[in-house]
Amino acid sequence: MVGSADKVFWGGLRIGWIRAAPELLHRLLLARPTGDLGTPTLDQLVARELVPQTAAVLEARRPALRAGRDGLVAALRERLPEWDVPSPAGGLTTWVGLGRPVSTALVLAARSEGGRARVRGACSGRTAGSSGRSACRSP
């Protein structure tokens, strides 16, 4: 199981964890030092205090997350009726079906026309030529 604190508590709290069999953890620990620059001690201490409160924090945040999801889905359906926009059960990404293969040119065109688009990291969508695209939302 892989988890992280940034989606639950705060996007700037870049702390993650892995729960796995000891053999897999050992292999991961051996690979880690080659690319790890370290995690700030303060962030680790903050996460240690917050993780036991995960259930309460999620319960408090769910209404805002649902409202953000519902607002994004409604806006996409209204402004882009030719797209297939499902209402996701959870998470912070909404996958939309565009009905045909497209690439990053779609996002660039939206920006040049004064539209808003947010493309970065894992939320930037699938590979070029894909008929699907992700739309990120934040609380």
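- Taken from CG in Leu30 to CZ in Arg27, the straight-line distance is 9.5 Å, to the nearest 0.5 Å.
- The OG1 atom of Thr54 lies 13.0 Å from the CD atom of Glu59; values are rounded to the nearest 0.5 Å.
- With rounding to the nearest 0.5 angstrom, the CD1 atom of Ile18 is 7.0 Å from the CG atom of Leu24.
- Using a 4.5 Å cut-off on side-chain heavy atoms (C-beta onward), Glu49 and Leu45 make no contact.
- For the atom pair CZ (Phe9) and CD (Gln53), the distance works out to 7.0 Å, reported to the nearest 0.5 Å.
- Between Lys7 and Arg61, the shortest heavy-atom distance links the atoms O-NH1, 2.8 Å.
- Residue Trp17 places its CH2 atom among more than 12 non-hydrogen atoms of other residues, nucleotides or ligands, all under 6.0 Å distant.
- The closest side-chain heavy-atom distance from Val73 to Pro88 is below 4.5 Å.
- Checked by atom type and distance alone, the side chain of Arg69 never pairs as donor or acceptor with a backbone atom of Ser87 at under 3.5 Å.
- Residues Val8 and Leu58 meet the side-chain proximity criterion, which asks for heavy atoms closer than 4.5 Å.
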ask   = Can you check side-chain contact (heavy atoms from CB on, under 4.5 Å) on Val96 and Leu76, steps first, answer last?
value = CA-CA 9 Å; Val96 297; Leu76 287 172; 3.9 Å; yes
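- Considering only heavy atoms from C-beta on, Ile15 stays 4.5 Å or farther from Asp6 through its side chain.
- Checked by atom type and distance alone, the side chain of Arg19 never pairs as donor or acceptor with a backbone atom of Val2 at under 3.5 Å.
- Here the CD atom belonging to Gln44 is positioned 10.0 Å from the CG atom belonging to Leu13, to the nearest 0.5 angstrom.
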